[in-house]
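Some notes on the structure that comes next.
Just so it is clear, the values below take in all heavy atoms, side chains as well, and ignore hydrogens, waters and symmetry mates. FYI, the numbering just counts along the sequence from 1.
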Amino acid sequence: MFGLNKKDFSLLLIVAGLLLFAPFLLNPFPEGSAMAQFNGGYPDLMQRLVIFGIFAVGFNILFGLTGYLSFGHAAFLGVGSYAAIWMMKLLTMNVVPAIIMAVIFAGLFALVVGYISLRRSGIYFSILTLAFAQMSYALAYSVLTPITGGETGLQPKLADPRLLDGASDDGRIPQANLFGLDMGASYEMAVGPWLFTFNAGYYIAAAFMLLAFYIAIRIFRSPFGMMLRAIKSNQQRLNYTGLNARPYTLAAFVISGMYAGLAGGLLVAMDTQVGPERMFWTASGEVVLMTILGGAGTLIGPVLGAGVIKYMENIVSKINSTILHDWFAFLPDGIEDLLVTLIYPFVGKGWHLTLGIMFMLVVIFLPGGLVEGGQRIARLFGRGKKDEAAAETEAAKQQPPAE
């Protein structure tokens with residue numbers, strides 16, 4: 001269905017189910033309980049999960065399929081964000097034109113950067129993309145201040161023309177919307193001690209996530225995707241056949257940049273504030289971590305990696321010493337203080353330390369990322385069932401035949 005085989009269609013349905021029921025899945029603990037600290041079903045976090053999932057899925061089309069490691073993809077995220085905010089300032093607060101222009105501008109910028117950077121491969125390609133990203137950051141931070149707002153960034157103002165919306169005369173800064181539907185609109189549903197929030201902005205971002213994931217599946221299974229895998233496998237041998245690989249890698253680079261632009265446009269749709277820090281090199285490194293942590297070259301891996309990192313950034317980073325003391329208050333004072341002392345460096349401001357250890361363990365023991373870990377567990381249980389079935393079969397053979 002939809003041009004997908006049974007396995008890929010099942011995977012698409014799983015992703016759709018996860019996106020649809022995320023407000024329930026991310027809120028497993030009752031409100032007011034000690035474990036409610038780990039609930040992640042609030043709009044801001046859910047939106048970031050899907051938006052950075054789109055960013056990582058697009059990056060995976062370049063890195064996972066061709067093997068070209070870009071350290072500058074945050075530049076396309078930032079260009080998409082600036083294009084979107086300018087559409088909101090000049091044209092309308094409707095997010096549709098903003099997102100369309102974010103994808104177009106990011107794609108055009110990726111075409112220029114890719115055309116130059118792909119003249120080199122390996123570490124030289126990576127350094128070139130990093131240089132472009134840092135130059136873009138520097139331009140946005142200082143040189144292009146009239147366009148980017150410099151250090152303070154850009155946001156909608158009452159004085160903006162907004163040609164399609166008309167002048168705002170109620171004294172309020174207008175909100176981003178989808179044909180009148182406020183992106184911040186939410187419906188809360190209380191079920192016993194649980195409180196679930198359904199946010200319009202999240203479901204709009206989730207719809208784009210599902211579309212982006214579907215397109216990624218089609219690219220992975222297409223002859224174009226097979227050609228990209230061939231480039232990753234042995235580009236030199238491919239060149240010996242007389243095939244020029246550069247148009248294919250450039251196409252993958254531009255598609256990947258357009259995914260980043262889409263993510264940048266959606267970030268503006270959720271929070272109409274854009275600053276140059278969105279293009280800083282750490283943002284480029286983050287999407288690399290997401291892809292490798294989840295599983296480069298796999299379909300679902302980058303989504304998992306983005307989810308894990310954003311969850312840790314928003315949940316684990318908020319666990320402070322007071323919360324830890326509350327958790328272990330039932331223990332004797334000496335043991336309580338010892339446990340808090342041992343755990344505290346890995347949570348709160350030290351969540352990066354936990355992420356670093358997790359990343360090291362994945363790279364050393366699970367080169368295929370979290371997806372490989374899941375596959376190993378599935379094979380382990382599958383092998384257990386097979387062994388049990390084989391034992392039962394062997395026992396049946398040893399039983400004497402019935403008289």
Looking at every non-hydrogen atom in both residues, tell me the closest pair between [X] and [Y] and how far apart they are.
X      : Y      : answer
Gln134 : Met279 : OE1-O, 4.4 Å
Asn320 : Ile323 : OD1-N, 3.0 Å
Asp182 : Ala176 : OD1-O, 3.5 Å
Ala83  : Met101 : CB-O, 3.8 Å
Ala269 : Val95  : CB-CG1, 3.6 Å
Leu331 : Leu339 : CD1-CD1, 3.4 Å

His73 and its ring-ring contact (aromatic ring centres under 6.0 Å, His included) partner, picked from Tyr259, Trp281, Phe253:
Phe253
Report the C-alpha distance between His352 and Met312 in whole Å, list the side-chain angles of each, state the deciding distance to 0.1 Å, and finish with yes or no for side chain to side chain contact (heavy atoms under 4.5 Å, CB included).
CA-CA 9 Å; His352 283 100; Met312 292 183 66; over 6 Å; no
To the nearest 0.5 Å, tell me how far [X] [atom1] sits from [Y] [atom2].
X      : Y      : atom1 : atom2 : value
Glu372 : Leu366 : CD    : CG    : 5.0 Å
Leu250 : Arg119 : CG    : CZ    : 10.0 Å
Ser222 : Leu228 : OG    : CG    : 7.5 Å
Met87  : Ile104 : CE    : CD1   : 9.5 Å
Ile127 : Ser117 : CD1   : OG    : 11.0 Å
Ile215 : Phe220 : CD1   : CZ    : 13.0 Å

Minimum side-chain heavy-atom gap [X]-[Y] below 4.5 Å:
X      : Y      : answer
Ile116 : Phe132 : yes
Asn177 : Leu181 : no
Gln175 : Met183 : no
Leu262 : Phe55  : no
Glu313 : Trp351 : yes
Gln235 : Asn239 : yes
Glu151 : Pro276 : no
Val50  : Met46  : no

Any side-chain donor paired with an acceptor under 3.5 Å for Ser186 and Asn199?
yes
Answer with yes or no whether the side chains of Tyr42 and Gln47 bring together a donor and an acceptor at under 3.5 Å.
no
Sub-3.5 Å donor-acceptor pair from the side chain of [X] to the main-chain atoms of [Y], do we have one?
X      : Y      : value
Ser33  : Pro30  : yes
Ser256 : Ala252 : no
Trp194 : Glu31  : no
Asn94  : Leu178 : no
Asn39  : Phe29  : yes
Lys89  : Pro161 : no
Asp165 : Leu91  : no
Thr354 : Phe346 : yes
Asp160 : Lys157 : yes
Ser284 : Phe71  : yes

Does [atom1] in [X] sit with more than 12 non-hydrogen atoms of other residues, nucleotides or ligands closer than 6.0 Å?
X      : atom1 : value
Phe330 : CZ    : yes
Tyr141 : OH    : no
Tyr248 : OH    : no
Tyr124 : OH    : no
Phe63  : CZ    : yes
Arg376 : CZ    : yes

Do Phe76 and Phe109 have their ring centres less than 6.0 Å from each other?
yes
Are the aromatic ring centres of Tyr344 and Trp327 under 6.0 angstrom apart?
no
Step by step, would you call Tyr202 with Leu49 a side chain to side chain contact (heavy atoms under 4.5 Å, CB included)?
CA-CA 9 Å; Tyr202 162 72; Leu49 289 179; over 6 Å; no
Determine, for Lys310 against Glu286, whether the closest basic-nitrogen to carboxylate-oxygen distance falls under 4.0 angstrom.
yes
Verify side chain to side chain contact (heavy atoms under 4.5 Å, CB included) between Thr197 and Met189, making sure each step is shown before the conclusion.
CA-CA 6 Å; Thr197 303; Met189 183 176 71; over 6 Å; no
Go through it in stages, so that I can follow the logic: the residues are Leu195 and Glu188, the test is side chain to side chain contact (heavy atoms under 4.5 Å, CB included), and I'd like the CA-CA distance, side-chain angles, deciding distance and then a yes or no.
CA-CA 7 Å; Leu195 182 64; Glu188 293 186 341; 4.1 Å; yes
Option among Ile14, Val57, Leu370, Val371 that satisfies the side chain to side chain contact (heavy atoms under 4.5 Å, CB included) test with Ile300
Val371
Should the pair Tyr203 and Phe198 be assigned to parallel (<30°), tilted (30 to 60°) or perpendicular (>60°) ring geometry?
parallel
